[in-house]
2 protein chains.
Amino acid sequence: MTGAGTTGKRRAIQRGVGVALWRQIADDIRGGLAAGTLAGAEGRLPPEAALAERFGVNRHTVRAAIAALAHEGVLHPVHGRGTFARRQKRLVYPIGERTRFSTGLGSQARERHTDIFAGVQESASTEIAKALGLEAGSKVIRVEARGSADGVPVSRATSWFDAQRFPTIAEAYADAGSLSAALRKFGVEDYLRASTRIEARHADEADARDLRLSPGAVVIVTHAINVDMKGDPFQYSRTRFPADRVELVVESQGKTTVD
Amino acid sequence: MTGAGTTGKRRAIQRGVGVALWRQIADDIRGGLAAGTLAGAEGRLPPEAALAERFGVNRHTVRAAIAALAHEGVLHPVHGRGTFARRQKRLVYPIGERTRFSTGLGSQARERHTDIFAGVQESASTEIAKALGLEAGSKVIRVEARGSADGVPVSRATSWFDAQRFPTIAEAYADAGSLSAALRKFGVEDYLRASTRIEARHADEADARDLRLSPGAVVIVTHAINVDMKGDPFQYSRTRFPADRVELVVESQGKTTVD
DNA sequence: TCGAGTTGTATAGATCAATAGACAATGAAA
DNA sequence: TTTCATTGTCTATTGATCTATACAACTCGA
């Protein structure tokens, strides 16, 4: 490898595949930032002309890509100086028996918080009823939450709880700011993650809105069931993560993290 | 909504986002087939005119999407009769302490096999050396494998083994057809999955080639470490899954599936 | 102050993506 | 056979995307 030029192994952009070049370049730059292979320590991108040459396109095409990422909040170009990146590496989100939302992200971000949108009561769909071990049509409470790190959304969760057992879970969650604390008010001292189903897909309109993504981005979706210490499921949740800001790590205990 | 029409929750294609409408529609149809929400029991798609109306585009645009999927092998249109789908639902790939490649897919597919490409010896990168607990630059064996179900690729794995401990692992794997059997020849009677890191991204050119994907498709990538019963890591592997053919399920043992 | 390096703006032409409408060709059922 | 539903082909038009070239505006260090 001879210095500048190729810098990496990344994908070459492809013509005539139904994805505009500027979007492919935007996705590639975003990925490069997430992987940490682009942009120096000061977070400065190579100049537009260099990027244009690297990707084999006109400078205007690179500019269109940068404009999209700037609108997304990932880059911010400064007239006469250069284009700068906001965050660099992906957050690591651990998954295991002891998975907690609030912990785990630990010290990876400077600032981190969770917005909870008031829960609403609704009738359980068959899928949710089955996951929670309830009769189809039982009343459940749906709680919407969004996690952010350094002001950027990194997760968007929708959770369902049995309305009989946890009638005011949404308020308790919002007050306490943490699910574990809210659950203690209902006598759940501890709990385990029983199963997590993971899929990935393109961001749809809702994802683009909730996670501030541009369409074409990739989201990871997890479907999780938490059980109390008696083994009864009490929470079913679907969480969407932006794939270029977050990665998941599954730790089997007994080996690595013994806790 | 009366019967046919909307069928699902997905939809809403977006204009002016740098992704051609025909590609969004192609991705949506593929996803719909994977989720099983499109196409009736005989695997027949709604007619082009109906799809055009549903997506709010011209029939030619739908035709472009179908042409792409036909080229990909997902659909096959028949003059005068209709357009037919090949496979329907996603495979479920379990992940946990007892994760094995060969098992788990079980009876989900009619036919299933693994191609193993002869392993090559190479020097460990720092990442691989660290994962295997070796000195950087140690000799390791790289084994490439591809899993298929019903003739369609569903996984593409690259694994590394310590060359000292497993000098002929590639041949043993290829002969036995199963990793567990190959490992027994080297005295590894049993092993556990210690950790699995999961990320998702767009398919690159290599993915498109290896997994027969069209660009714009989504792949899930796992980075896994297997340890023997003494807790020593002996295998590091990266596996790529096409996200519309496979989903992952993490089962914490002790709760749901006990073995 | 000057010049090199950078991002911002403008204009024009070429190619791709999407629409519109019309009709041909095939398969299946009345 | 006739009719209908379906996929296949053709032509023309509009707008989005990409290229090419030029120059303006801004920052920073010599």
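Each chain gets a letter, A, B and so on, in the order the sequences are listed, and its residues count up from 1.
In this structure, A/Arg15 reaches the D/dT19 phosphate: one of its side-chain N or O atoms is under 4.0 Å from OP1 or OP2.
Across the protein-nucleic acid pair, B/His79 atom NE2 and D/dT7 atom C1' stand 5 Å apart, rounded to whole Å. Protein atom CD of B/Glu48 is 11 Å distant from nucleotide atom P of D/dT9, rounded to whole Å.
Nucleotides of DNA chain C with any atom under 4.0 Å from a heavy atom of chain B span, from 5' to 3', C/dA17 to C/dA28.
The side chain of A/Asn58 has D/dT19 as its nearest neighbour among D/dT19, D/dT7, D/dA25.
Among residues two or more places apart in sequence or in another chain, the side-chain contact (heavy atoms from CB on, under 4.5 Å) test is passed with A/Ser123 by A/Lys139.
When all heavy atoms of A/Val62 and A/Glu48 are compared, the closest pair comes out as CG1-O, 4.2 Å. A/Leu51 approaches A/Pro46 most closely through the heavy-atom pair CD1-O, 3.6 Å. For the pair B/Val17 and A/Trp22, the tightest heavy-atom approach, listed with the atom from each and the gap, is O-CH2, 3.5 Å. Closest approach of A/Pro77 to A/Thr83, counting heavy atoms only: CB-OG1, 3.6 Å.
In this structure the side chain of A/Glu122 reaches within 4.5 angstrom of the side chain of A/Trp160, judged on heavy atoms.
Among the candidates B/Ile220, B/Val218, B/Val221, the single residue satisfying the side chain to side chain contact (heavy atoms under 4.5 Å, CB included) test with B/Arg201 is B/Val221.
Contacts between residues 59-67 of chain B and DNA chain D, counted as heavy-atom distances below 4.0 Å, involve B/Arg59, B/His60, B/Arg63.
Using a distance-only test at 3.5 Å, with no hydrogens or angles considered, no donor-acceptor pair links the side chain of A/Arg146 to the main chain of A/Leu211.
Mapping A/Gly80 and A/Leu21 onto DNA chain D by nearest heavy atom places A/Leu21 closer to the 5' end of the strand. Where A/Val78 and B/Trp22 each meet DNA chain C at their nearest nucleotide, the meeting point lying more 5' is that of A/Val78.
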